[in-house]
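Below: one structure, written as structure tokens.
Predicted, not measured: the structure shown is a model, and the values here were computed from it. Both ligands and their constituent atoms are indexed starting at 1 by order of listing.
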Amino acid sequence: MEKLNQLYEGKAKKVYATDEPEKLIVDYKDDATAFNGLKKGTIVGKGVINNRMSNLLMQKLAKEGVPTHFIEELSERETLVKKVSIVPLEVIIRNISAGSFAKRYGVEEGIVFDEPTIEFSYKNDDLGDPLLNTRHAIALKLATKEEIALIEKYSFKVNEVLKAFWASCGVTLVDFKLEFGKTCDGTIILADEISPDTCRLWDSKTGEKLDKDRFRRDLGGVEDAYAEIMKRLLDSYEK
Ligand code: ADP
Ligand code: UDP
């Protein structure tokens with residue numbers, strides 16, 4: 001496997017072509033952004049943690065029947081993945097009120113829902129990732145009705161699996177964002193990453209935030225929180 005030219009540099013990762021057209025290499029950076037790129041910074045060691053964590057969680061999900069883009073971890077920061085055309089939807093699942101949900105509906109953070117919620121936003125930085133419903137997504141031809149039904153089914157399954165796993169680590173899975181893509185044969189698979197950048201993870205006992213909110217909200221101890229959440233994952237993984 002040969003790493004070829006860089007195809008894309010995003011806010012958190014770089015993406016490279018390989019000598020196999022249906023495979024890409026993603027390279028995780030320590031760069032952190034928030035508020036649609038307005039706040040910028042570095043979280044030392046984040047790329048290494050997010051790469052490892054995302055790969056371990058995706059392998060767990062694959063075992064539970066959620067197909068993912070993961071192929072092989074190549075180094076501390078690099079992973080070989082299946083190339084997909086990203087469905088331009090950010091899928092957000094919530095178990096507990098927080099962040100933009102709490103703000104939008106004028107409620108406090110920490111309300112535990114009876115059932116998880118799902119919401120979609122249109123992955124478009126210029127428009128600020130506007131919220132939309134499934135009929136909007138179909139009208140805009142971002143995905144078909146069948147694709148959206150599958151994405152919803154997979155997303156709730158991801159929640160079930162990860163909620164239980166994080167609970168075994170003494171961590172509450174509050175909410176998270178997923179991205180899906182289509183492989184060359186049209187199969188929908190989970191892509192992008194699952195990490196403290198894309199999930200809210202609270203210590204189950206103390207409620208301490210162990211995710212990117214420490215960076216977004218200037219809470220301090222950002223690197224320590226990433227290291228702690230990784231340690232919790234490794235202590236419970238495969239037990
Ligand atoms: P952003 O584009 O939001 O700044 P990143 O820095 O994480 O985000 O860049 C990674 C990019 O690669 C994202 O646009 C993501 O949608 C895309 N991506 C993730 N996984 C795959 C994949 N398997 N195939 C193609 N593109 C992918
Ligand atoms: N999220 C993400 N990328 C985004 C927006 C949200 O990974 O572009 C994640 C975020 O980390 C959180 C969940 O999705 O775990 C819900 O985020 P929310 O809608 O509350 O937005 P925020 O408060 O981050 O603006």
Please report the interatomic distance [atom1]([X]) to [atom2]([Y]), rounded to the nearest 0.5 Å.
X      : Y      : atom1 : atom2 : answer
Lys231 : Leu233 : NZ    : CG    : 11.5 Å
Glu20  : Leu4   : CD    : CG    : 10.5 Å
Ile93  : Leu178 : CD1   : CG    : 7.0 Å

What's the shortest distance from [atom] to any protein heavy atom, and which residue and atom give it?
atom                    : result
atom 6 (O) of ligand 1  : Ala12 N, 2.6 Å
atom 11 (C) of ligand 1 : Tyr8 CE2, 3.6 Å
atom 25 (C) of ligand 1 : Val84 O, 3.2 Å
atom 13 (C) of ligand 2 : Asp175 OD1, 3.4 Å
atom 15 (C) of ligand 1 : Asp192 OD1, 3.3 Å

Under 4.0 Å from ligand 1, counting heavy atoms only, is it the side chain of [X], its backbone, both or neither?
X      : value
Lys11  : both
Lys123 : side chain
Ile86  : side chain

(request) Look at atom 18 (P) of ligand 2 and find which of Ala98, Ser100, Gly99 reaches it with the closest heavy atom. (result)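 When every heavy atom of Ala98, Ser100, Gly99 is considered, Ser100 comes closest to atom 18 (P) of ligand 2.
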
(request) May I ask which of Glu179, Glu193, Lys212, Lys177 has a heavy atom nearer to atom 9 (C) of ligand 2 than the others do? (result)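 Looking at heavy atoms only, the winner is Lys177.
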
(request) Please report the closest heavy-atom contact between Ser155 and Phe180, naming both atoms and the distance. (result)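 Scanning both residues completely, I find the closest heavy atoms to be OG-CE1, 3.3 Å.
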
Just by distance, with hydrogens left out, do [X] and [Y] show a side-chain donor and acceptor under 3.5 Å apart?
X      : Y      : value
Asn51  : Thr79  : yes
Asp197 : Tyr226 : yes
Arg94  : Ser100 : yes

Atom indices of ligand 1, in the order listed, that fall short of 4.0 Å to a heavy atom of [X]:
X      : answer
Val81  : 23 (N)
Leu24  : 24 (N), 25 (C)
Glu179 : 15 (C), 16 (O)
Val15  : 12 (O)

(message) Please check whether Asp125 reaches ligand 1 - meaning an N/O of the residue sits under 3.5 Å from an N/O of the ligand, judged on distance alone.
(response)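 Between Asp125 and ligand 1 (N or O atoms, distance only) the closest approach is not under 3.5 Å.
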
(message) Taking distance alone, with N or O pairs closer than 3.5 Å, would you say Lys13 contacts ligand 1?
(response)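 Yes, since at least one N or O of Lys13 sits under 3.5 Å from an N or O of ligand 1.
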
Please verify whether a non-hydrogen atom of [X] lies at under 4.0 Å from ligand 2.
X      : result
Glu90  : yes
Asp197 : yes
Arg216 : yes

(message) Residue-level breakdown please: for Ile92 versus ligand 2, do any non-hydrogen atoms fall below 4.0 Å on the side chain, on the backbone, on both, or on neither?
(response)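 Under 4.0 Å from ligand 2, Ile92 contributes side-chain atoms alone.
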
(request) Check each heavy atom of Ser121 against ligand 2 and say whether those closer than 4.0 Å belong to the side chain, the backbone, both or neither. (result)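 Within the 4.0 Å criterion, Ser121 makes no contact with ligand 2.
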
(message) Using a 6.0 Å cut-off, check whether atom CD of Glu9 has over 12 heavy atoms from anything other than its own residue.
(response)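 Above 12, so yes.
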
(request) Assess whether atom NZ of Lys103 is packed by more than 12 heavy atoms of other residues, nucleotides or ligands within 6.0 Å. (result)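 Not more than 12 within 6.0 Å, no.
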
(message) Using the rule side chain to side chain contact (heavy atoms under 4.5 Å, CB included), only one of Asp192, Val15, Leu24, Asn55 pairs with Val81; which is it?
(response)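 That would be Leu24.
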
(message) With respect to Arg200, determine whether any N or O atom, backbone or side chain, lies less than 3.5 Å from an N or O atom of ligand 2.
(response)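 So ligand 2 has an N or O lying under 3.5 Å from an N or O of Arg200.
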
(request) Before accepting this row, confirm whether a basic side-chain N of the pair Asp31/Lys14 lies closer than 4.0 Å to the acidic partner's carboxylate O. (result)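 Salt bridge: no.
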
(message) Do the side chains of Lys177 and Glu179 get close enough for a salt bridge, i.e. N-O under 4.0 angstrom?
(response)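 Salt bridge between Lys177 and Glu179, a charged N being under 4.0 Å from a carboxylate O: yes.
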
(request) For Asp175 and Cys199, indicate whether the former's side chain and the latter's backbone hold a donor-acceptor pair under 3.5 Å. (result)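 A pair under 3.5 Å: no.
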
